[in-house]
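Here the structure is laid out as C-alpha cells; the discussion comes afterwards.
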Amino acid sequence: MEDLTQWPPGPFELSEALVLAAQLVPPGLAVSYGGLAGLLGAGGPRQAGRAMSGAPDGTPWWRIVRADGSLPPSLSVRATPHYREERTPLKGHPGNPTAGPDGGPHLRVDLARARWEPDEAELAVLAALRSGLG
DNA sequence: AGCGTGACGAGTA
DNA sequence: ATACTCGCCACGC
C-alpha cells in the first residue's frame, strides 16, 4: 500500500466515496454492500449497490457482495475467475463441490472467512472519506 | 407531487 | 432451499 493516510479529497459524492472504499478491499477478501456503507458511516446497502453498478472500470466490484456472500447470477459468473485467481474463500456445500457450470451463478463468498477487516491505515482512509463527504 | 425500479437486507412461511 | 413480504432510499419518469 502507498500513502493511504492522505488522499486528496475534496468533497466527495457519497457514491464516489463508496467506490473509493470498494477499491480499498484487498484481493481475496470481500465485504457486503451494507458493510461497505457501514464502514463509511453513511448510506446503506442500496446506495452501495447503486454505486457499484456505476463504478468505473478497474473497480473490484466482485469484492462487494450481498450479505449472504452471493451476487446476482449474471455477475456471479463474471466474478468466478477473479475469486479463483485471488483464492477468495468460497462457501460450498461439502457434498456439492461447486455450483453450476462455470463455477456457477449461485456460488457464494464465505464471508465468515473472507470478510475484510480494515487495518489501521485503511481505517484512516475511510475516516478521511467520511469526513470529506458532502 | 406521485410511481416504478434496483448489483440490498432481514424476517417469515 | 424457495418464495414471498417489508423497510429502505436514490433516481428517473
Side-chain angles (χ1 to χ4, degrees):
Chain A
M1 59 197 75
E2 35 234 86
D3 250 342
L4 298 176
T5 59
Q6 40 170 3
W7 270 17
F12 300 111
E13 292 286 329
L14 175 55
S15 61
E16 188 177 1
L18 285 164
V19 168
L20 291 172
Q23 294 175 349
L24 285 178
V25 183
L29 299 183
V31 66
S32 69
Y33 291 97
L36 190 70
L39 288 169
L40 272 181
R46 314 213 60 159
Q47 285 160 276
R50 182 150 222 307
M52 286 305 104
S53 74
D57 292 347
T59 303
W61 53 265
W62 58 92
R63 297 176 196 152
I64 313 301
V65 300
R66 289 177 179 152
D68 69 353
S70 70
L71 280 175
S74 168
L75 295 175
S76 186
V77 171
R78 294 187 329 190
T80 300
H82 288 110
Y83 293 149
R84 199 161 67 84
E85 188 201 83
E86 298 179 1
R87 307 271 182 270
T88 305
L90 301 179
K91 200 162 196 181
H93 192 289
N96 307 356
T98 357
D102 335 311
H106 30 6
L107 89 178
R108 292 182 302 150
V109 171
D110 185 350
L111 282 178
R113 288 188 289 163
R115 176 172 272 104
W116 174 46
E117 302 289 355
D119 63 25
E120 211 171 322
E122 291 163 342
L123 284 173
V125 178
L126 290 169
L129 292 175
R130 188 165 57 230
S131 64
L133 283 177

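So that the names make sense, note that chain A is the first sequence line, chain B the second, and so on, each numbered from 1.
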Over all strands shown, is A:L71 touching base, sugar-phosphate only, or nothing at heavy-atom distances under 4.0 angstrom?
nothing
Could you pull out the protein-nucleic contacts involving nucleotides 6-9 of chain C (nitrogen or oxygen on both sides, under 3.5 Å)?
{"unit_1": "C:dC8", "atom_1": "O2", "unit_2": "A:R46", "atom_2": "NH1", "d": "3.3"}
{"unit_1": "C:dC8", "atom_1": "N3", "unit_2": "A:R46", "atom_2": "NH1", "d": "3.4"}

With sequence neighbours excluded, tell me which residues meet side-chain hydrogen bond (donor to acceptor under 3.5 Å, both in side chains) with A:R115.
none
Note: chain A reaches DNA chain B at heavy-atom distances under 4.0 Å over the stretch, first to last nt, 5' to 3', of B:dG6 to B:dA10
Any residue meeting side-chain hydrogen bond (donor to acceptor under 3.5 Å, both in side chains) with A:W61, in chain and number order, not counting sequence neighbours:
none
Across all chains, not counting sequence neighbours, the salt bridge (charged side-chain N to carboxylate O under 4.0 Å, His left out) partners of A:D68 are none
What integer number of Å spans the P atoms of B:dA7 and C:dC6?
22 Å
Applying side-chain contact (heavy atoms from CB on, under 4.5 Å), name anything that partners A:R84, two or more places apart in sequence or on another chain.
none
So, using side-chain contact (heavy atoms from CB on, under 4.5 Å) as the criterion, who are the partners of A:A22 when residues are at least two apart?
A:L36, A:M52, A:T59, A:I64
With A:P73 via side-chain contact (heavy atoms from CB on, under 4.5 Å) - residues at least two apart:
A:P105
Considering only nitrogen or oxygen atoms on both sides, find all protein atoms under 3.5 Å from nucleotides 1-4 of chain C and state each distance.
none

Of all residues at least two apart in sequence or in a different chain, which pass the salt bridge (charged side-chain N to carboxylate O under 4.0 Å, His left out) check with A:R78?
none
Does A:Q47 reach the main-chain N or O of A:G44 with its side chain, forming a donor-acceptor pair under 3.5 Å?
yes
Check residues 10-18 of chain A and write down every donor-acceptor pair under 3.5 Å in which the side-chain atom is one partner and the other belongs to a residue at least two apart or another chain.
none

NA contact type, A:S15, heavy-atom cut-off 4.0 Å: base, sugar-phosphate, or nothing?
nothing
Solution key, residues 127-134 of chain A side-chain donor-acceptor pairs under 3.5 Å, sequence neighbours excluded:
{"unit_1": "A:R130", "atom_1": "NH1", "unit_2": "A:L39", "atom_2": "O", "d": "3.4"}
{"unit_1": "A:S131", "atom_1": "OG", "unit_2": "A:A127", "atom_2": "O", "d": "3.3"}
{"unit_1": "A:S131", "atom_1": "OG", "unit_2": "A:A128", "atom_2": "O", "d": "3.0"}

